[in-house]
There are 2 protein chains.
Amino acid sequence: MVTPRKPPLTPDASGFNVYARECPARMVLDRIGDKWALLVLDRLRHDAARFNAIRRDIGGISQKVLSQVLKNLERDGLVLRTVHATVPVAVTYSLTPLGETLTQAAASLIHWAESHMAQIQHAQRLYDDRLAATSL
Amino acid sequence: MVTPRKPPLTPDASGFNVYARECPARMVLDRIGDKWALLVLDRLRHDAARFNAIRRDIGGISQKVLSQVLKNLERDGLVLRTVHATVPVAVTYSLTPLGETLTQAAASLIHWAESHMAQIQHAQRLYDDRLAATSL
DNA sequence: CTGCATCCGATGCGATACTG
DNA sequence: CAGTATCGCATCGGATGCAG
């Protein structure tokens, strides 16, 4: 056991607890609970891809950030970096078996955002209108 | 249809696409693909809670950030804020039906981080050792 | 093509103090 | 108890330039 969980949630058999600020699991959550990392993980879900392909597919990600995200994911053992000895050098990124156990959860989050946008936008309008009304 | 999806993933019936930088779904992903938001969502998963209770349960979150996260989640229609007319005032936060459709995905991510920590730490050691070896 | 290094502005976030 | 306001540091992240 590393740290006790404060909320009355089901205790985790592993002993790790994301609710504790010092727990290593929190560090991992920091990385995977990130917009860019989730998108990269989802992008690699069905097929491996080269650096610039990922960069093109994920609108708005900079080369610097993609580079950092990939390196972190590789260090955590979620992404495999493969260098092909061609000229010029080609590098492909793919999911490791460990990474594949995560992408479904990542995809769920992403898909949720897309499929519930209508309801979210409706809620936002209600909230904004109500706010404007009270501030008159 | 709002924006076409670039990667060959299954197109979403809603027409929203998180891979597009201008898509509203990306904004939502920004908010829910966030360490603190995920933890708050997970904390409210089983029961409603008051502001300071949430603050205590989530180690390391500041009242400023918690305040912002809760406000955003409320605006997006994921969290319901209820003011009880007592003295002093008590405010409880709970999940809306819409929010409940998301927490399972959030919980999956969080639980994944906890249950795979051993493998992650192993991968990190391998990576760091390999890095130290090559830089000699 | 695949990165790493640097500069630098924007944002995040903790600490602190104050209101109802 | 439940916030809001402000400050200041730290990190994020885009743009540019350079190297293997």
Side-chain angles (χ1 to χ4, degrees), chain A residues 19-22 26-40 43-44 48-75 79-94 127 130-131 134-135, chain B residues 18-22 26-27 29-40 43-44 48-75 79-94 127 130-131 134-135:
Chain A
Y19 281 89
R21 72 191 300 182
E22 352 64 64
R26 176 67 76 81
M27 311 269 295
V28 174
L29 183 59
D30 266 341
R31 254 166 264 144
I32 64 177
D34 167 67
K35 175 185 50 170
W36 297 125
L38 290 171
L39 284 170
V40 168
R43 170 59 186 87
L44 296 179
R50 298 175 55 169
F51 187 89
N52 281 332
I54 303 174
R55 179 154 162 48
R56 271 191 310 272
D57 290 341
I58 301 179
I61 195 171
S62 70
Q63 156 272 1
K64 176 183 178 178
V65 169
L66 178 57
S67 182
Q68 289 172 342
V69 168
L70 285 171
K71 196 182 298 183
N72 284 332
L73 292 177
E74 187 195 358
R75 189 174 103 97
V79 160
L80 178 66
R81 179 179 183 269
T82 308
V83 180
H84 300 86
T86 57
V87 179
V89 176
V91 181
T92 61
Y93 293 90
S94 57
Y127 183 92
R130 178 173 290 273
L131 205 67
T134 59
S135 67
Chain B
V18 285
Y19 281 89
R21 71 190 301 181
E22 357 56 71
R26 176 66 76 81
M27 311 269 295
L29 183 59
D30 266 340
R31 253 165 267 143
I32 63 177
D34 167 68
K35 174 185 53 171
W36 298 124
L38 290 172
L39 284 170
V40 169
R43 171 58 187 85
L44 297 179
R50 298 173 58 167
F51 187 89
N52 281 332
I54 303 174
R55 179 156 163 48
R56 271 190 309 273
D57 290 341
I58 301 179
I61 194 170
S62 69
Q63 112 281 30
K64 176 183 178 178
V65 169
L66 178 56
S67 180
Q68 290 172 342
V69 168
L70 284 171
K71 198 181 296 184
N72 284 331
L73 292 178
E74 187 195 358
R75 188 175 105 96
V79 160
L80 178 65
R81 180 180 183 269
T82 308
V83 181
H84 300 87
T86 57
V87 179
V89 175
V91 180
T92 62
Y93 291 89
S94 57
Y127 183 93
R130 178 173 291 271
L131 204 67
T134 59
S135 65

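When reading the values below, keep in mind they use all heavy atoms of this one structure, side chains included, and skip hydrogens, waters and symmetry mates. By convention in this document, chain letters (A, B, ...) are assigned in the order of the sequence lines, proteins followed by strands, and residues within each chain are numbered from 1.
Between the CZ atom of F51(B) and the C1' atom of dG3(D) there is a distance of 6 Å, rounded to whole Å. In this structure, K64(B) places its NZ atom 12 Å from C1' of dA10(D), rounding to the nearest Å. Note: CD (Q63(A)) to C1' (dC7(C)) measures 14 Å, nearest angstrom. Straight-line distance from the CD1 atom of I61(A) to the P atom of dA15(D): 13 Å, rounded to whole Å. Rounded to an integer number of Å, the gap from NE2 of H84(A) to P of dC1(C) is 16 Å. In this structure, the CH2 atom of W36(A) is 14 Å from the P atom of dT11(C), given to the nearest Å. For the pair R56(B) CZ and dC1(D) P, the computed distance is 7 Å after rounding to whole Å. The distance from atom CZ of R55(A) to atom P of dT2(C) is 11 Å, rounded to the nearest whole Å.
The side chain of S62(B) places no N or O atom within less than 4.0 Å of a non-bridging phosphate oxygen (OP1 or OP2) of dA15(C). Contact between the side-chain N/O atoms of R50(B) and the OP1/OP2 oxygens of dA2(D) is found at a separation under 4.0 Å. The phosphate of dT4(D) (OP1 or OP2) has a side-chain N or O of S67(B) nearer than 4.0 angstrom. For R81(B) and dA2(D), the shortest distance from a side-chain N or O to OP1 or OP2 is not below 4.0 Å. The side chain of Y93(A) contributes no N or O atom lying less than 4.0 Å from OP1 or OP2 of dC1(C).
Using a 4.0 Å heavy-atom criterion, one finds that K35(A) contacts no nucleic acid atom at all.
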Which is it for N52(B) and R56(B) under the side chain to side chain contact (heavy atoms under 4.5 Å, CB included) test, yes or no, and what are the steps along the way?
-> CA-CA 6 Å; N52(B) 281 332; R56(B) 271 190 309 273; 4.0 Å; yes

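Residue whose closest nucleotide on DNA chain D sits further toward the 5' end, between V89(A) and D34(A): D34(A). Residue whose closest nucleotide on DNA chain C sits further toward the 5' end, between A90(A) and V65(B): A90(A).
Of the possible polar contacts, one joining the R26(B) side chain to the G59(A) backbone as a donor-acceptor pair under 3.5 Å is found. Looking only at distances, no side-chain donor or acceptor of R50(B) sits under 3.5 Å from a matching main-chain atom of V91(B). A donor-acceptor contact shorter than 3.5 Å links the side chain of Y19(B) to the backbone of R43(A).
Of the listed nucleotides (dC4(C), dT4(D), dA2(D)), dA2(D) has the atom at the smallest distance from the side chain of V91(B). Side chain of P88(A), nearest nucleotide from dA2(D), dC4(C), dC1(C): dC1(C).
In terms of heavy-atom proximity, I54(B) sits nearest to L44(B) at CD1-CD2, 3.9 Å.
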